[in-house]
Amino acid sequence: MLQRLYDKVIALSESPKALPTLAAVSFAESSFFPIPPDVVLVPMALAQPHKARLYALVCTIASVLGGMLGYAIGAFLYDTVGHWLISVYGYGEGVEAFRAAYAEWGAWIILIKGMTPIPYKIVTIASGFAGYDFFMFVVLSLITRGARFFLEAELLRHFGEPIRAFVEKRLTLVTTGFLAAIIGGFLIAKYAF
């Protein structure tokens, strides 16, 4: 099953649907979807290293646009959709503490959490809920998401062949490690609130 999914994403990289799919996953992850865009970005960049920067750009722009939706959910729909989404991910109890932390550490929270496997949707919704300055939110999101995706793209562009060989020989191990990072990010975010 893992091999089939991997092969589909590799094939997707050669399809006209590559960029829209990558953009959709990046957009959705920043506001409500649980799976990070790296699941699509990494295999596509491994298959098409000459397009890695383009993929990073698409991820960055779509992620920031999705982050704006997450911000709007936090700012205008927190009592309904926002609280429900935060609760689905198990963070409902700590949002008030997170909101208070924004008063002092807002920029650092966005910059640090945007680079980590901690779910970015939590940051975007909480930013809107906390009333963090929207312009600064967008600027900081561009910086942190761009740094994350372009760093990945450059590593895959320069070291893609050995990484691809390793991934394809040890797909189960790599997938397990990636899932552990995602779950670890959720847990860190849960206990950091």
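One-based numbering along the sequence shown.
The backbone N or O of Phe33 lies less than 3.5 Å from a partner atom in the side chain of Lys121, making a donor-acceptor pair.
Evaluation of the ring-ring contact (aromatic ring centres under 6.0 Å, His included) rule for Tyr71 yields Phe134, Phe137 as partners, not counting sequence neighbours. In this view, Ser141 and Tyr120 satisfy the side-chain hydrogen bond (donor to acceptor under 3.5 Å, both in side chains) rule, not counting sequence neighbours.
For the pair Arg157/Arg53, a side-chain contact is recorded, criterion being any heavy-atom separation below 4.5 Å from C-beta on. Side chains of Phe150 and Leu57 form a contact here, defined as non-hydrogen atoms less than 4.5 Å apart. Leu111 places a side-chain heavy atom less than 4.5 Å from the side chain of Ile143.
In this structure, Ile61 CD1 and Phe149 CZ are separated by 11.5 Å, a value rounded to the nearest 0.5 Å. Note: Leu19 CG to Met44 CE = 6.0 Å, rounded to the nearest 0.5 Å.
Closest of all the heavy-atom pairs between Leu41 and Leu22 is N-CD1, 3.8 Å. Ala56 approaches Ala153 most closely through the heavy-atom pair CB-CB, 3.7 Å. Contact between Leu69 and Ser31 at its shortest, heavy atoms only, is CD2-OG, 3.6 Å. Closest heavy-atom contact between Pro49 and Leu156: CB-O, 4.5 Å.
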I'd like to know whether Ser30 forms a side chain to side chain contact (heavy atoms under 4.5 Å, CB included) with Arg145, so could you lay out the CA-CA distance, the side-chain angles of the two residues, the decisive distance to 0.1 Å, and finally the verdict. CA-CA 10 Å; Ser30 291; Arg145 299 308 267 180; 4.2 Å; yes
As a quick check of understanding, evaluate side chain to side chain contact (heavy atoms under 4.5 Å, CB included) for Asp38 and Arg148, giving each step before the final call. CA-CA 10 Å; Asp38 314 75; Arg148 174 179 169 169; 2.6 Å; yes
Let me see the working for Phe32 and Ile73 under side chain to side chain contact (heavy atoms under 4.5 Å, CB included), right down to the final yes or no. CA-CA 10 Å; Phe32 62 88; Ile73 289 169; 5.6 Å; no
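Between the side chains of Ser63 and Ser26, not a single donor N or O lies within less than 3.5 Å of an accepting N or O.
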